[in-house]
Peer 1: 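The structure's right below; bear with me while I get my questions together.
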Amino acid sequence: MTTIGKSGTFILGDRAVNRLGYGAMQLAGKGVFGPPRDRAEAIAVLREAVESGVNHIDTSDFYGPHVTNQIIREALHPYRDDLVIVTKVGALRGTDASWNPAFSRQELTQAVHDNLRNLGLDVLDVVNLRAMFDVHGPAEGSLDEPLEVLAELKRQGLIRHIGLSNVTAKQIDDGKAITDIACVQNQYNLAHRGDDALIDKLATDGIAYVPFFPLGGFSPLQSSTLSDVATRLGATPMQVALAWLLKRSPNILLIPGTSSRTHLRENIAAESVELPDDALSQLESMAA
């Protein structure tokens, strides 16, 4: 079995995690709603991920809702001591599978308790506040009140660390005045590079950057340049895309998701892909 660790570790909160982690979103049903098509395979994926060295799992109780957290608990509880589970709050799912803001004190407090219950934990390692001013990307708006609620829950001992998701640089700076920010989770990949300057600043500050949709999300990355580089290196395009992210900055933590053990193994193997300088130059051109 391929194991990870070659790309090193980075501090997430107060724990060192391997830079190649796992995102649980795809363990839910179609559209991240309802149960998975194959629950047994979902459980097998999680167990193999951890056995391969993954010690950072990203999830949320609004995936399903409740589905991914319950599968994680069934597959992995009691958890290994080195496993860091990161969850998100700030949204609720409608009965029509819609994604709706949930920023009130009651909604955030309930979300934290739901995550604790469904994951089978007494305290959450990291809770990301997911901004919902625009579901398609960061948009300005004050996060002060919801962050104050999470900071209070942190003081109560229900949360160890707080992060931010789908946010602007200003929201991060404002958030630091309320609580320490352990990580930032925004969309970023080879073709979607609006956070280049932000990543470099966070690296200087020692804050982890966790790109969601590292492979393009619901619209997978497609590029003749990416395909050409992959063919030359004897890798898949998705492996090259992940390898580029690992190369991009030491504070980047990856959470590629899959509901297939075959794809999990392909993702883990991306850590062994070496990108020569000419390949890097080709890949950089994708952002032009």
Side-chain angles (χ1 to χ4, degrees), residues 2 4 17-77 83-94 96-99 114-115 118-119 126 128 130 135-136 165-166 185-192 210-222 236-242 245-246 252-271:
T2 303
I4 65 173
V17 298
N18 290 322
R19 293 182 59 214
L20 186 59
Y22 175 79
M25 175 186 276
Q26 292 189 36
L27 295 184
K30 185 177 181 181
V32 201
F33 197 74
R37 180 181 56 81
D38 187 340
R39 189 181 183 91
E41 179 67 7
I43 290 171
V45 166
L46 283 164
R47 289 176 175 167
E48 182 163 325
V50 171
E51 289 168 3
S52 299
V54 166
N55 59 1
H56 168 207
I57 293 178
D58 180 84
T59 185
S60 175
D61 212 56
F62 55 71
Y63 293 165
H66 315 304
V67 171
T68 61
N69 281 354
Q70 291 170 357
I71 293 174
I72 289 170
R73 180 175 183 172
E74 180 177 349
L76 302 177
H77 194 277
L83 182 63
V84 175
I85 299 178
V86 179
T87 190
K88 280 178 291 298
V89 297
L92 285 174
R93 304 301 298 278
D96 59 351
S98 57
W99 303 77
D114 286 346
N115 277 280
N118 285 312
L119 287 168
V126 183
N128 287 324
R130 214 286 186 181
V135 296
H136 301 294
S165 178
N166 198 42
Q185 188 179 95
N186 279 1
Q187 182 177 0
Y188 184 84
N189 55 51
L190 261 171
H192 191 285
V210 188
F212 64 75
F213 293 162
L215 302 177
F218 300 114
S219 300
L221 294 173
Q222 293 184 344
T236 69
M238 297 302 99
Q239 287 173 331
V240 171
L242 292 174
L245 285 166
L246 289 171
I252 288 181
L253 301 177
L254 297 187
I255 49 168
T258 179
S259 58
S260 157
R261 279 174 288 179
T262 299
H263 290 157
L264 173 70
R265 293 163 193 157
E266 291 176 1
N267 290 342
I268 289 174
E271 202 180 35

Peer 1: Applying side-chain hydrogen bond (donor to acceptor under 3.5 Å, both in side chains), can you list everything that pairs with R47, at least two apart in sequence or on another chain?
Peer 2: none
Peer 1: In chain order, what residues pass the side chain to side chain contact (heavy atoms under 4.5 Å, CB included) check against V210, with sequence neighbours excluded?
Peer 2: H56, C183, Q185, L253, I255
Peer 1: Which residues pass the side-chain hydrogen bond (donor to acceptor under 3.5 Å, both in side chains) test with S60, sequence neighbours left out?
Peer 2: none
Peer 1: How about L27 and L46: do any of their side-chain heavy atoms sit closer than 4.5 Å?
Peer 2: yes
Peer 1: Listed by chain and number, what are the side chain to side chain contact (heavy atoms under 4.5 Å, CB included) partners of L92, not counting sequence neighbours?
Peer 2: A102, E107
Peer 1: By ring-ring contact (aromatic ring centres under 6.0 Å, His included), which residues pair with H77, not counting sequence neighbours?
Peer 2: Y79
Peer 1: Does R39 have any salt bridge (charged side-chain N to carboxylate O under 4.0 Å, His left out) partners at least two apart in sequence or in another chain, and if so, which?
Peer 2: E74
Peer 1: Considering residues at least two apart in sequence or located in another chain, which fulfil the side chain to side chain contact (heavy atoms under 4.5 Å, CB included) criterion with N186?
Peer 2: P138, V167, V184, D195, L198, Y209
Peer 1: Name all residues meeting the ring-ring contact (aromatic ring centres under 6.0 Å, His included) criterion together with F62; count only those two or more places apart in sequence or in a different chain, and write none if there are none.
Peer 2: W99
Peer 1: For residues 59-70, which residue pairs qualify under salt bridge (charged side-chain N to carboxylate O under 4.0 Å, His left out), counting only residues two or more places apart or in two chains?
Peer 2: none
Peer 1: How would you list, by chain and number, every residue that makes a salt bridge (charged side-chain N to carboxylate O under 4.0 Å, His left out) with D58, sequence neighbours excluded?
Peer 2: K88
Peer 1: Among N267, L264, L245, whose side chain to side chain contact (heavy atoms under 4.5 Å, CB included) with P256 holds?
Peer 2: N267
Peer 1: Residues in side-chain hydrogen bond (donor to acceptor under 3.5 Å, both in side chains) with S98, at least two apart?
Peer 2: D96, N100
Peer 1: Who pairs with E271 by side-chain hydrogen bond (donor to acceptor under 3.5 Å, both in side chains), at least two apart in sequence or on another chain?
Peer 2: S7
